[in-house]
J.: 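Dropping a structure here in structure tokens format, bear with me for questions.
So you know, we letter chains A, B, ... as the sequences are listed, proteins then strands, and number each from 1.
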Number of protein chains: 2
Amino acid sequence: MATEPQESATRLAAETWESLFRTQVAVMRKLQTGTAFKALPVNEYDVLFNLSQCPSGWLRLNELNDHVLLSQSSLSRMVERLEKRGLVERTTAPEDGRGVLLSLTEAGKELQREVGRSHVRDIAGIVKPALTPAEQRELRRLTDKLRASLQHR
Amino acid sequence: MATEPQESATRLAAETWESLFRTQVAVMRKLQTGTAFKALPVNEYDVLFNLSQCPSGWLRLNELNDHVLLSQSSLSRMVERLEKRGLVERTTAPEDGRGVLLSLTEAGKELQREVGRSHVRDIAGIVKPALTPAEQRELRRLTDKLRASLQHR
DNA sequence: CGATACTAGATGCAAATGCATCTATCTTGG
DNA sequence: CCAAGATAGATGCATTTGCATCTAGTATCG
């Protein structure tokens with residue numbers, strides 16, 4: 001190696017993230033040309049998806065905010081819009097008068113499932129021809145590990 | 001397997017993308033709390049970075065657009081702003097009167113390098129403790145492969 | 001060559017975004 | 001128990017974004 005160990009480790013970390021990020025952008029651009037996101041902007045789908053994944057069916061606004069790339073105020077207003085469109089319900093949190101709990105309405109669940117299906121088709125069309133199943137599992141393992149490491153601190 | 005091969009392959013592809021995407025969001029959220037992106041919004045940094053990576057130093061607006069998650073009109077106006085701030089230069093493309101060529105000014109290069117350095121530090125702080133060097137190389141290989149497969153069609 | 005279709009960017013305009021700030025609720029130390 | 005500080009979310013306002021459309025330069029086909 002031409003550089004010191006510390007420096008080359010930093011460089012490797014940066015290149016790893018760089019590749020992950022560029023790939024995310026490239027796939028996202030491709031997905032945006034597909035059918036799924038004509039119906040619903042990506043950020044709105046992401047909100048519906050996160051709510052659909054929540055086991056209890058209810059999620060605090062600030063928790064949701066951790067999973068979405070939006071500022072607190074933007075998310076607050078997006079949820080307001082989604083509520084007006086009848087896709088999401090809001091309640092004051094029972095144990096904390098400041099908090100807001102969110103859940104999908106039936107219409108919201110339905111829309112999420114529908115868009116989700118076409119979304120999954122688009123993704124499969126991109127990922128399947130690119131990586132073998134074993135490679136996909138390994139990629140998933142590595143990204144899971146990286147993400148887990150962020151949550152535990 | 002409980003499901004048919006075709007279906008489970010689709011599911012695997014979707015879960016792989018899902019994990020990649022969620023990880024990108026989580027890392028991005030972490031990065032946004034760091035010092036690097038206080039100086040410059042992420043999208044603007046991404047534009048400066050892409051220009052800095054271009055070997056010839058000049059890049060067509062529409063090529064740049066392929067690498068950035070912004071609509072054509074948004075990018076057009078962002079570049080206009082960056083030019084006003086003296087970070088980017090524009091010229092009409094010599095071989096195509098419709099096209100616009102972009103490059104960084106000295107101030108733009110300087111700012112990119114400076115923000116880039118602190119950006120790299122932040123990234124290293126996230127990635128190094130999460131994955132071994134071998135895992136990082138494997139992750140980079142897989143994301144490179146996925147991205148390459150998009151470009152070749 | 002000339003008409004037609006196509007492509008690269010710019011622009012009007014409505015909607016979405018983020019920052020700073022505000023209000024209301026909760027927590028803590030005396 | 002209360003005052004000071006912290007936290008959740010909402011809101012005013014300027015900026016940014018994207019869609020649709022427009023303009024201008026280029027390619028194609030008769």
J.: How long is the line joining CD of Glu63(A) and C1' of dG9(D), in whole Å?
T.: 14 Å

J.: Let's see if you get this right: which residues in residues 52-62 of chain A place a heavy atom under 4.0 Å from DNA chain C?
T.: none

J.: Near DNA chain D, under 4.0 Å by heavy atom, which residues of residues 64-98 of chain B?
T.: Leu70(B), Ser71(B), Ser73(B), Ser74(B), Arg77(B), Met78(B), Arg81(B), Asp96(B), Gly97(B), Arg98(B)

J.: Less than 4.0 Å between a side-chain N and a carboxylate O, is that true for Asp144(A) and Arg147(A)?
T.: yes

J.: In degrees rounded to 10°, what angle is found between the helical axes fit to the five outermost pairs at each end of the helix from dC1(C)-dG30(D) to dG30(C)-dC1(D)?
T.: 30°

J.: Send over the distance from Gln32(B) CD to dG18(C) P, rounded to a whole Å.
T.: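 Atom CD in Gln32(B) sits about 8 Å away from atom P in dG18(C).
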
J.: Between Asp66(B) and Arg60(B), does any NZ, NE, NH1 or NH2 come within less than 4.0 Å of an OD or OE carboxylate oxygen?
T.: no

J.: Please report the interatomic distance CH2(Trp58(A)) to CG(Leu104(A)), rounded to the nearest 0.5 Å.
T.: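 Here the rounded value is 10.0 Å.
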
J.: Less than 4.5 Å apart, side chain to side chain, heavy atoms only: is that true for Ser19(B) and Leu142(A)?
T.: no

J.: Return the value, rounded to whole Å, for the distance between atom CD of Glu44(A) and atom C1' of dG18(D).
T.: 13 Å

J.: List the steps, then state whether salt bridge (charged side-chain N to carboxylate O under 4.0 Å, His left out) holds for Arg141(B) with Glu135(A).
T.: CA-CA 10 Å; Arg141(B) 184 185 78 80; Glu135(A) 286 175 329; 3.3 Å; yes

J.: Could you tell me if Ser74(A) and Ser71(A) have a donor-acceptor pair between their side chains, going purely by distance under 3.5 Å?
T.: yes

J.: Any side-chain donor paired with an acceptor under 3.5 Å for Lys109(B) and Ser52(B)?
T.: no

J.: Would you say that Leu82(A) contacts Glu44(A) through its side chain, given a criterion of any heavy-atom pair below 4.5 Å between the two side chains?
T.: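 Yes. Closest side-chain heavy atoms under 4.5 Å.
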
J.: Measuring only between side-chain heavy atoms, which start at C-beta, is Leu48(A) closer than 4.5 Å to Leu40(A)?
T.: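 Yes - at least one pair of side-chain heavy atoms lies under 4.5 Å apart.
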
J.: If you define the side chain from C-beta out and look only at heavy atoms, does anything of Val120(B) sit under 4.5 Å from Trp17(A)?
T.: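 No, side chains not in contact.
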
